[in-house]
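For reference, the structure discussed in these notes is given below.
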Amino acid sequence: LKDMYTLNQIFQLIETEATAHQQIAQYGQGDVWEIQPKELDYVVLWAIEDSASVSDRTLTYDIRLICMDRVLPAEENEEEVLSDTLLILLDFVAYFRQLHTEGVTIQPSVSFDPFTERFDDKVSGHSCVLSLTQSYNYNKCQIPI
């Protein structure tokens with residue numbers, strides 16, 4: 001059985017993919033209230049741990065991804081922003097579906113929630129929750145020292 005991925009390692013996978021993504025200018029992670037739009041370079045991908053759960057020898061991390069971009073004052077690019085941010089999040093779904101590891105699988109169904117005029121910078125985009133599941137064998141030796 002492969003070692004399980006820690007939450008830190010899951011976030012590292014997301015950050016590595018975000019950094020390599022040609023459309024993403026900045027990656028961030030943490031609570032939603034930590035997003036400071038005026039300090040960001042857009043397009044931004046933000047990752048948040050929604051929850052973690054254990055059941056029947058599996059551990060599931062629910063990671064919320066928020067992808068956002070600035071909308072022009074007259075909102076003439078809002079549809080383009082919504083389209084682009086959805087496509088970027090689809091890239092992350094594909095990444096985790098194609099991740100060549102026996103360790104992590106992604107829940108097959110992912111819903112995407114659009115938002116507009118959010119935060120101080122009036123950004124728009126999409127968010128989704130990726131449910132990433134892996135085997136968990138209740139091994140107390142996995143506890144970090």
Side-chain angles (χ1 to χ4, degrees), residues 1-55 57-72 77-145:
L1 184 66
K2 185 194 178 313
D3 289 338
M4 84 178 205
Y5 283 86
T6 65
L7 183 60
N8 285 337
Q9 290 168 325
I10 294 290
F11 279 130
Q12 186 60 53
L13 288 173
I14 295 168
E15 182 175 7
T16 299
E17 186 65 12
T19 303
H21 198 288
Q22 294 184 355
Q23 290 175 279
I24 297 172
Q26 189 165 350
Y27 169 79
Q29 159 189 338
D31 290 322
V32 72
W33 59 265
E34 294 179 277
I35 298 173
Q36 300 294 325
K38 294 190 185 318
E39 299 172 11
L40 299 175
D41 295 321
Y42 291 94
V43 170
V44 171
L45 182 83
W46 197 271
I48 303 167
E49 178 194 9
D50 259 13
S51 65
S53 59
V54 174
S55 85
R57 299 198 171 275
T58 62
L59 170 63
T60 301
Y61 295 118
D62 287 336
I63 307 296
R64 178 171 302 279
L65 295 183
I66 302 172
C67 189
M68 57 192 145
D69 196 2
R70 278 201 180 99
V71 174
L72 297 173
N77 71 329
E78 188 168 73
E79 286 301 319
E80 182 180 344
V81 165
L82 290 171
S83 178
D84 289 351
T85 55
L86 177 59
L87 289 172
I88 290 167
L89 289 177
L90 285 169
D91 289 343
F92 281 84
V93 171
Y95 170 75
F96 279 103
R97 284 238 167 89
Q98 297 167 4
L99 190 64
H100 297 294
T101 174
E102 68 244 29
V104 177
T105 59
I106 184 172
Q107 177 183 339
S109 178
V110 178
S111 296
F112 300 90
D113 300 310
F115 60 87
T116 57
E117 299 179 26
R118 187 81 50 94
F119 308 112
D120 292 341
D121 274 3
K122 303 237 190 257
V123 297
S124 293
H126 280 85
S127 70
C128 68
V129 175
L130 302 182
S131 293
L132 306 171
T133 301
Q134 60 187 326
S135 294
Y136 177 69
N137 63 6
Y138 298 93
N139 182 354
K140 71 176 188 162
C141 295
Q142 293 174 336
I143 297 172
I145 296 174

Quick check against the 3.5 Å criterion: does [X] have a side-chain atom that pairs as donor or acceptor with the backbone of [Y]?
X   : Y   : result
Y61 : L7  : yes
D41 : A25 : no
W46 : I35 : no
T85 : V81 : yes
Q26 : L45 : no
E80 : N77 : no
Y95 : L90 : no

With F96 as partner, the option from T105, I63, I14 fulfilling side chain to side chain contact (heavy atoms under 4.5 Å, CB included) is I14
Residue of the set L130, V32, D50 for which side chain to side chain contact (heavy atoms under 4.5 Å, CB included) holds with R64: D50
Report yes if some heavy atom in the side chain of [X] is under 4.5 Å from a heavy atom in the side chain of [Y]; otherwise report no.
X    : Y    : result
T116 : E78  : yes
C67  : H126 : no
L13  : L99  : yes

Is the closest side-chain donor-acceptor distance between Y27 and Q29 under 3.5 Å?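 Distance-only check passes for Y27 and Q29.
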Regarding D91 and H21, is there a side-chain donor-to-acceptor distance under 3.5 Å anywhere? yes
List the steps, then state whether side-chain hydrogen bond (donor to acceptor under 3.5 Å, both in side chains) holds for T133 with T60. CA-CA 4 Å; T133 301; T60 301; 3.0 Å; yes
F92 and E17: CA distance, side-chain angles, deciding distance, side chain to side chain contact (heavy atoms under 4.5 Å, CB included) verdict: CA-CA 8 Å; F92 281 84; E17 186 65 12; 3.6 Å; yes
Can you pull out every salt bridge (charged side-chain N to carboxylate O under 4.0 Å, His left out) where at least one residue sits in residues 127-137? Sequence neighbours excluded, please.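 Sorted result for residues 127-137: empty, none.
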Using the side chain to side chain contact (heavy atoms under 4.5 Å, CB included) rule, take I24 and I88 through it: C-alpha gap first, then chi angles, then the decisive distance, then the call. CA-CA 8 Å; I24 297 172; I88 290 167; 3.8 Å; yes
Begin with the C-alpha distance, continue with both residues' side-chain angles, and end with the deciding distance and a verdict on side chain to side chain contact (heavy atoms under 4.5 Å, CB included) for Y136 and T58. CA-CA 5 Å; Y136 177 69; T58 62; 5.7 Å; no
Going through the distances and angles, do Q12 and T16 end up as a side-chain hydrogen bond (donor to acceptor under 3.5 Å, both in side chains)? CA-CA 6 Å; Q12 186 60 53; T16 299; 3.2 Å; yes
